[in-house]
Amino acid sequence: MATDALMNTYGTPSIALVKGEGVWLWDAQGNKYLDALSGIAVCGLGHSHPSVAKAVAEQAGLLTHCSNYFSIPNQEILADKLCTASGMSNVFFGNSGAEANEAALKIARLHGHKKGIKLPTILVMDNAFHGRTLATLSASGGRRVQAGFEPLVRGFARAPFNDMESLKIVADNNTDICAILVEPIQGEGGVRLASTGYLKQLREFCDQRGWLLMLDEVQTGNGRTGKYFYFQHSGIIPDVVTTSKGLASGVPIGACIANEKASNLISPGKHGSTFGGNPLAMVAGLKTLEIMKEESRSVGR
Ligand SMILES: *Cc1c(COP(=O)(O)O)cnc(C)c1O
């Protein structure tokens, strides 16, 4: 395998997969594998679901890309469905989990400035993982993703995950905090679940302080825990939720979903993306959601 021209990001993978169907994958030699990785939480419908593949192929032949200077009808439809599924009001589409989180972080900073905080600070958790861009790796908890990339983006405070008492101490010592960003289940941090009631406590705490509660459901969203979003197990609604991995069956997509209070902070010129929300990704997202709804009673409200 000639991988010399690739940057050495992932080491040298030894298996090349060429075909997928449901839970099965095949390599070029015809060996068959049972996929227990699911493209890292991406292929919630299995590989190459025929309805998704058909919809994507048809859209590719019709209109693959269209800039956001024009209206993209399926963007509005998917946004509408995600708002219904989450109980929230507005969506920004990007192309990845990190981009969805970048949008959330920018919204939090706008929120902080609106509150008159000069250097708005976002509370994040030990062992968190929010992505590999400079802001999201700075928000992440592990030195593994940060080492070598200093100076890190400023404006983050940190507390231990699933520990309200420690969080309150951090909060009382930092008047610049205006938002919390947290994975409801820490994924890369070791699949660590919070205790029952933690999200409820965070919701109450954010309400008391006028902070935004922002959940990173890039990995826990899209039906992976039995509800469409994990937060729906605890009966709360965050101000912002991000999702990406399982949203469009592998076509790159990310979504930052917000309530009115948070999304009203965004106005034309404040944020954007060339590819985000493009027709191909929107069709993949719509088809994925439609099939999840058909095949599962737990999706939606
Ligand atoms: C994978 C992941 C991200 C980053 O998503 P990318 O699409 O790789 O940018 C962010 N947050 C969580 C919780 C993730 O699991």
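Just so you know, ligand 1 is whichever comes first in the structure, and atom 1 is the first atom listed for that ligand.
Interface of E183 with ligand 1, defined as ligand atoms under 4.0 Å from a residue heavy atom, comprises 13 (C). The H130 neighbourhood of ligand 1 comprises atoms 10 (C), 11 (N), with distances under 4.0 Å to a heavy atom of that residue. For ligand 1, the atoms sitting less than 4.0 Å from at least one non-hydrogen atom of S96 are 7 (O), 9 (O), numbered in the order shown with element in parentheses. Below 4.0 Å from some heavy atom of N101 lie the following atoms of ligand 1, by number and element: 10 (C), 11 (N). Listed by number with element, the atoms of ligand 1 under 4.0 Å from a non-hydrogen atom of A98 are 4 (C), 5 (O), 6 (P), 9 (O).
Residue contacts with ligand 1, taken as heavy atom pairs separated by less than 4.0 Å, do not involve T133 at all.
Note that the CG atom of L199 and the CZ atom of F231 stand 9.5 Å from one another [nearest 0.5 Å].
Summary of contacts: the protein heavy atom closest to atom 2 (C) of ligand 1 is K245 NZ, 2.5 Å. Annotation: atom 5 (O) of ligand 1 to nearest protein heavy atom, G97 CA, 3.4 Å. In terms of protein heavy-atom proximity, atom 11 (N) of ligand 1 is nearest to D216 OD2, 2.8 Å.
Between the side chain of Q219 and the backbone N or O of S244 there is no donor-acceptor pair closer than 3.5 Å.
Under a 4.0 Å N-O distance rule, the pair E204/K200 does not qualify as a salt bridge. Taking the charged nitrogens against the carboxylate oxygens, R132 and E188 have no contact shorter than 4.0 Å, which rules out a salt bridge. The pair D176-R154 does not count as a salt bridge, with every side-chain nitrogen at least 4.0 angstrom from each carboxylate oxygen.
The aromatic rings of F161 and Y198 sit perpendicular, their planes meeting at an angle over 60°, well past the 30° parallel limit.
For the residue pair N264/E260, the side-chain donor-acceptor check at 3.5 Å is not satisfied.
Within a 4.0 Å radius of atom 8 (O) of ligand 1, the protein contributes no non-hydrogen atoms.
Considering backbone and side-chain atoms together, S244 places no N or O closer than 3.5 Å to any N or O of ligand 1.
Considering every non-hydrogen atom in both A255 and V91, the closest pair reads CB-CG1, 4.0 Å.
Of the candidates T242, T136, V218, T243, V218 brings a heavy atom nearest to atom 3 (C) of ligand 1.
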